[in-house]
Amino acid sequence: MSGPGTRRTTMSTRDTEAAPPYRYTAAMAGEIERRWQDRWTERGTFHAPNPAGPMRPSDGAAVPEDKLFVQDMFPYPSGSGLHVGHPLGFIATDVFARYHRMNGRNVLHTMGFDAFGLPAEQYAVQTGTHPRTTTEDNIVRYLAQLRRLGLGHDERRRIATTDIGYYRWTQWIFLQIFNSWYDTDADRARPISELEQQFASEQRSTPDGQPWAQLSTAEQRAVINEYRLVYLSEAPVNWCPGLGTVLANEEVTPEGRSDRGNFPVFRKNLKQWMMRITAYVDRLVDDLERLDWSDKIKAMQRNWIGRSHGARIRFPVQTGIGETAGIDVFTTRPDTAFGATYMVLAPEHPLVSAITAHHWPSDVDATWTGDGDTPTEAVAEYRRQASQKSELDRQENRDKTGVFLGVHATNPATGEPIPVFIADYVLMGYGTGAIMAVPGQDQRDWDFAEAFGLPIVRTVAPPDDFAGQAYVGEGPAINSANSEISLDGLAVDEAKKAITEWLEATGHGEGTVQYKLRDWLFARQRYWGEPFPIVYATEGDTAGQPVALPESELPVVLPDVEEYAPAAFDPDDASTEPAPPLAKATDWLEVELDLGDGPRTYHRDTNVMPQWAGSCWYQLRYIDPANDEAMCDPANERYWMGPRPELHGDEDPGGLDLYVGGVEHAVLHLLYSRFWHKVLYDLGHVSSEEPYRRLYNQGYIQAFAYTDSRGMYVPAEEVEEREDGDFWQGQPVRREYGKMGKSLRNAVSPDDMSERYGADTLRLYEMSMGPLEASRPWATKDVVGAHRFLQRLWRNLVDESTGELRVVDDEPGVETLRALHRTIAGVHEDFAGLRYNTGAAKLIELNNHVTKTYGGRAGTPRSVAEPMVLMLAPLCPHLAEELWSRLGHSVGENRGSLAHGPFPEADAEYLLEETTEYPIQVNGKVRSRVVVATSAGEDEVRSAALSEERIAELVAGGEPRKVIVVPGRLVNVVL
RNA sequence: GCCCCCGUAGCCCAACCGGCAGAGGCAGGUCCCUUAAAAGGAUCCCAGUGUGGGUUCGAGUCCCACCGGGGGCACCA
């Protein structure tokens, strides 16, 4: 009889017979891991005390001055759970936190959830399940997966952005920003009340000059609203019918589609909430220099902000009805103004209609008219065509097109008339939407000039051997003089300075700075997000004006609604309008409030905040998660995040000590978060000027994926790698490489790896497969190497057949002590520098030495075993705790846990060898070697090398030209 | 098109300020244990650093050009 039951019995009997009973197997690892995870929870091992509030030390002791705040970019709890790529950063921060905790620092490390977001909402739309239910179920699942990895989080500090107790403070911060304005003189945000005082005391005059006191309440409010850091504006925004919401610029891809979901995005004029991030633009750029971030991320932020210095120049032009208007252009090259031979406006430029001529000049060039009978006609047709071009069309087709407006402007530098065109290579969204075209020094202008037969004048002399068209490099100015000024002969920088002074003196323009960054569109017409703490009066002269709720009205809780969907829109239908789901929550919508002028009826704002809101400030809530009085006690913020110039230099902006996450948030989360933090700093709520002092971007774990002959993905797990190729179920498959996930059918789950090897093995493998910042391929077959190492280490300390400790009190030999202390010194450096791959290699090397030396003896000397276990602990904490406790540390301080140390210190005595072997090179090639005392001076080493037999032979009695001695390294004899 | 990063053994990766190319793991070979097997033990094998120049006593490391891979930006005035 052979049923499934019989078979299983046979196999398990075999297993138990085969493996010694006390071997470190996956089953034993699992048992050890669960046991220590329970102990850590019971004992609150990773609870980090705060200086103030409920988390201050229970015995009244002061918190250690030496602290470390480590943070991961918190995950969105998706329905598909974690794959082995996700925890790479989580494990890395855990190792870092554990290492520093063992070295006596007070370490804050926890993890929460970025739990508002589209997937739960879309699932709700499909199934009717409340997004909160889906979200909370997913969080439970994530927590189980995270727990299994043995992450040493302070679980008291977990938050989810969807917790009402959390988003109450997100709303509070919104109100702080709403109730602030940017004082450009003081270069900081200030409370709105101070602006009101300035108006009331006439220290500041109103925009139209009317005395403040004569304005009605509604008028006063309207004036104030224009200054707020959050404001409503009617402007072209990114409308995404496919998502039913508007989006921020940062959420739209270069192809003009939504970052999430890849739906088409249309420009549409809508009234929307904006955050005045542009007020902080200079500080956001300049303070990058004070941050310990990779150059790559800094470059991406600088790029996005796009600050360029240049000048604004006004070109006079006659309108169609004979009036003089001015076309403002922005240029980074005012020095080339003498070479501006024509002008171009963006097709959407507001001046176009006003200045377009009614008739073509008699001598008009046929290629300039776009086949229109009149300029008006040609312009209308060109505008129509331009509006229909998608972003992609624009990028793919870079042939220069445009039409002449039939008018000329005057180049203020030369005084010459120059023709004015519209062309779609000039964008309305950047600068002033108009350019002076300088074909001699700009390739785009050159291309257009060639297509339209326009004159080209060089104003910078290219080098003699220059063979290109437009010349954008350095060189002396030429052809650049009028009766008042000459730039000729000046270098580019000098010429810019000189012309800018002349422009300012003559009123033709002025030096200015231009940015690509635009204000942050902050509202979403979705359900699953934070409601705005804003209401509007329904009657009276202030009706329709936004009014901030007082703090006492917080939180504004998200109401339940019948329909979660914003509305079903055709993703390609640009004519649709946002229809927020909250507008349908009628009971919630209307509210009776007394906001200072008696009870009145208000209706609530129906927008919700974007997902980025909650992640803008979560580090502050980790610090003080249970605080009901404030988002965060200032004493706690100062301790965990305050500047420490004595450690980090005078320019230290403060912020948490290590932030690890993927590079994909370079211009979204990381920019928004810095902005909010700076507002909070200006308003005095935090002592740090930046949220994240040090940022480290981990690489991605990718994996091979396989497609069959039809191009369909097959489960990567089941693919056989053979010498003649890769096969799945006998058929050949093609190998690809990409992100791990469901769509490529190549995801590997951490639970599965824990099942097969234990979480410690998984942790060790992930940390040793390469440097943290590098992306690399996952290879399940390699995991066994990490497991074997742990088995060997276990075997060096525990008898596999009896379970007895095999550790002796003998003194280790000097070779072993040298190996040990070299390892200790190296591991310290590697762990502190996040180089876990080399740290792990050093531990394996030491263990190999121990195996070789003591494997055949009665046991491993305790004085080697203990430090080895302690050094392993940050990487493989469960196994290390288990061995540490078996080594007899089960009682006493820290109740036998090594989580708080000690961590071994290297003894300098064993780091230096008594003798050093020097390789001896002759003309750069190693010919021999010689052993001398480490303490030997250069001369001794030199003579030892020269008197070495083979070298003496090669030198053969002559005088070497040169002998180079590199102390501790080598000797090179040059003949 | 422009900018940044990376090319070291069959594979993943080490190599400090330029100083003996190899720490570690996978795969492979041989042997041991074993009726057999491996997630056991021992041991061995493997490249001259993408290519071509240059600087240097000496280059994986610095410089130049090119090739290949990855990423960012892209008609930004």
Side-chain angles (χ1 to χ4, degrees), chain A residues 14 18-20 23-26 254 294-297 299-300 303-304 306 308 310 329-333 336 344 394-395 397-398 400 423-427 429-438 441-445 447-448 514-516 663 666-667 699-700 702 721 737 756-757 761 764-765 768-771 773-792 795 800 826 829 835 837-845 847-848 851-852 855 917-926 929 960-975:
Chain A
R14 265 189 187 174
R23 174 165 292 174
Y24 181 75
T25 59
S294 72
D295 289 341
K296 180 194 166 94
I297 297 286
M300 285 168 76
N303 222 322
W304 186 259
S308 42
V329 303
F330 171 73
T331 176
T332 55
R333 293 295 302 276
T336 64
V344 183
R394 264 189 133 156
Q395 275 173 47
N397 187 358
R398 293 193 176 188
K400 294 289 178 285
D424 65 2
Y425 84 94
V426 173
L427 309 175
Y430 184 74
T432 60
I435 61 159
M436 62 174 201
V438 187
Q441 276 80 226
D442 185 297
Q443 189 60 43
R444 294 158 300 180
D445 296 344
D447 294 342
F448 189 90
Q514 190 67 44
Y515 305 89
K516 263 168 71 184
V663 75
V667 290
Y700 294 105
Q702 299 190 296
E721 283 177 46
Y737 182 59
R756 283 164 70 177
Y757 298 104
T761 296
L764 180 67
Y765 173 65
S768 54
M769 59 198 289
E773 69 272 22
S775 291
R776 59 236 119 134
W778 177 263
T780 296
K781 67 180 170 60
D782 291 2
V783 180
V784 66
H787 190 67
R788 284 184 191 144
F789 159 60
L790 296 182
Q791 278 186 337
R792 286 198 299 271
R795 194 179 299 123
E800 286 191 329
E829 281 184 23
R835 290 186 300 270
N837 52 330
T838 53
K842 289 181 173 83
L843 288 175
I844 295 170
E845 196 179 1
N847 189 58
N848 289 349
T851 306
K852 206 170 281 184
E917 189 187 61
Y918 280 83
I920 311 168
Q921 295 181 338
V922 176
N923 290 338
K925 292 213 163 70
V926 179
R929 16 193 104 232
R961 287 226 315 262
K962 204 171 177 184
V963 178
I964 295 140
V965 177
V966 185
R969 289 289 185 179
L970 55 49
V971 181
N972 188 11
V973 181
V974 186
L975 293 178

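Worth saying up front: this structure is predicted, and the values here are computed from it rather than measured. Order of the sequence lines fixes the chain letters, A, B, ..., with proteins taken first and strands second; residue numbering starts at 1 for each chain. Quick note: numbers below take in every heavy atom, side chains included, and nothing from hydrogens, waters or symmetry partners.
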Give each protein N/O atom lying under 3.5 Å from an N/O atom of nucleotides 1-6 of chain B, with the pair distance.
none

Hey, which sits more toward the 5' end of RNA chain B by its nearest nucleotide, A:S775 or A:W304?
A:S775

With heavy-atom distances below 4.5 Å as the criterion, would you say the side chains of A:V438 and A:R333 are in contact?
no

Rounded to whole Å, please give me the gap between NZ in A:K842 and C1' in B:G25.
15 Å

For B:C33, give the paired nucleotide (Watson-Crick: N1-N3 plus N6-O4 or O6-N4; G-U: N1-O2 and O6-N3; both under 3.5 Å), or none.
none

Nearest to side-chain heavy atoms of A:K516, which nucleotide of B:A14, B:C20, B:C73:
B:C73

Can you list everything that forms a side-chain contact (heavy atoms from CB on, under 4.5 Å) with A:E829? Sequence neighbours excluded, please.
A:R835

Considering every strand and a 4.0 Å limit on heavy-atom distances, what is the contact class for A:I844: base, sugar-phosphate, or nothing?
sugar-phosphate

If only side-chain N and O atoms of A:N837 are considered, is one of them under 4.0 Å from the OP1 or OP2 phosphate oxygen of B:G24?
no

For B:C73, give the paired nucleotide (Watson-Crick: N1-N3 plus N6-O4 or O6-N4; G-U: N1-O2 and O6-N3; both under 3.5 Å), or none.
B:G1

Please measure how far the C1' atom in B:G40 lies from the corresponding atom in B:U51, and state the result in whole Å.
45 Å

Rounded off to whole Å, could you give me the CH2-to-P distance for the A:W778 and B:G25 pair?
18 Å

If we ignore hydrogens and angles and just use 3.5 Å, is the side chain of A:R795 paired with the main-chain N or O of A:Y24 as donor and acceptor?
no

The side chain of A:P919 is closest to which nucleotide in this list: B:A77, B:C13, B:C20?
B:C20

Quickly work out the A:M769 CE to B:C12 P distance and round it to whole Å.
11 Å

At 4.0 Å (heavy atoms only), tell me whether A:D442 reaches a base, stays on the sugar-phosphate, or touches nothing.
nothing

If B:G68 has a Watson-Crick or G-U wobble mate with both distances under 3.5 Å, name it; if not, just say none.
B:C6

Heavy atoms only, 4.0 Å cut-off, all strands: where does A:T432 land among base, sugar-phosphate and nothing?
nothing

Going by salt bridge (charged side-chain N to carboxylate O under 4.0 Å, His left out), name the residues that satisfy it together with A:E845, two or more places apart in sequence or in a different chain.
none

Could I get the full list of side chain to side chain donor-acceptor pair (under 3.5 Å) partners for A:T332, not counting sequence neighbours?
none

Taking the P atom of each, how far is B:G28 from B:C11, in whole Å?
15 Å

Sorted by chain and number, sequence neighbours left out, side-chain contact (heavy atoms from CB on, under 4.5 Å) with A:A786 holds for A:T761, A:L764, A:Y765

Provide, to the nearest angstrom, the distance between the OH atom belonging to A:Y918 and the P atom belonging to B:C20.
13 Å

I need a per-nucleotide contact map over nucleotides 39-44 of chain B, read 5' to 3'. Cutoff is protein heavy atoms under 4.0 Å; write B for the base, S for backbone only, - otherwise.
BSSSS-

Just call it for A:K400: base, sugar-phosphate, or nothing, with non-hydrogen atoms closer than 4.0 Å on any strand.
base

Need to verify one output field. Residue with the more 5' nearest nucleotide on RNA chain B, A:P771 or A:R333?
A:P771

Where the side chain of A:F330 is concerned, which of B:A77, B:G19, B:C75 is the nearest nucleotide?
B:A77

Under 4.0 angstrom, heavy atoms only, what part of the nucleic acid is A:E845 near: base, sugar-phosphate, or nothing?
sugar-phosphate

Is B:C17 in the syn or the anti form, by the rule that syn lies within 90° of 0?
syn

Considering only the P atoms, how many Å lie between B:C5 and B:A77, rounded to the nearest integer?
22 Å

On a whole-Å scale, what distance lies between the C1' atoms belonging to B:G48 and B:A59?
12 Å

Please give, in whole Å, the distance from B:C20 C1' to A:L970 CG?
7 Å

Which atom pair, heavy atoms only, marks the closest approach of A:A437 to A:D445?
CA-OD2, 3.3 Å

Separation of A:D447 atom CG from B:A77 atom C1', in whole Å?
14 Å

B:A14 and B:G68: how far apart are their C1' atoms, nearest whole angstrom?
23 Å

Mind telling me whether B:G48 is syn or anti, cutoff 90° either side of 0?
syn

Distance, rounded to the nearest Å, where A:Y430 contributes OH and B:A74 contributes P:
12 Å

To the nearest 0.5 Å, tell me how far A:L790 CG sits from A:I844 CD1.
8.5 Å

Do you know the tightest heavy-atom contact between A:V667 and A:W304?
CG1-CB, 3.4 Å

Separation between the C1' atoms of B:G71 and B:G10, rounded to whole Å:
27 Å

Taking atom types as they are modelled, is there a donor-acceptor pair under 3.5 Å from the base of B:C26 to the side chain of A:D782?
no

Can you identify which nucleotide, out of B:A77, B:C12, B:A14, has its nearest atom closest to the A:R776 side chain?
B:C12

Provide the distance between the two C1' atoms, one in B:G7 and one in B:C66, to the nearest whole Å.
14 Å

For A:F789 and B:C12, give me the distance from atom CZ to atom C1', rounded to whole Å.
18 Å

Going by purine N1 to pyrimidine N3 plus the second Watson-Crick contact, or the G-U wobble pair, all under 3.5 Å, which nucleotide sits opposite B:C16?
none

side-chain contact (heavy atoms from CB on, under 4.5 Å) partners for A:Q514, two or more places apart:
A:S308, A:R312, A:F330, A:Y430, A:R518

Inter-nucleotide P distance (B:G41, B:C33), Å rounded
16 Å

Is any side-chain heavy atom of A:M436 closer than 4.5 Å to one of A:T331?
yes

The criterion is side chain to side chain donor-acceptor pair (under 3.5 Å); which residues satisfy it with A:T780, sequence neighbours excluded?
A:W778

Listed by chain and number, what are the side-chain contact (heavy atoms from CB on, under 4.5 Å) partners of A:N847, not counting sequence neighbours?
A:F789, A:R792, A:L793, A:N796, A:T851, A:M868

Given B:C20, B:C73, B:A77, which nucleotide is nearest the side-chain atoms of A:Q921?
B:C20

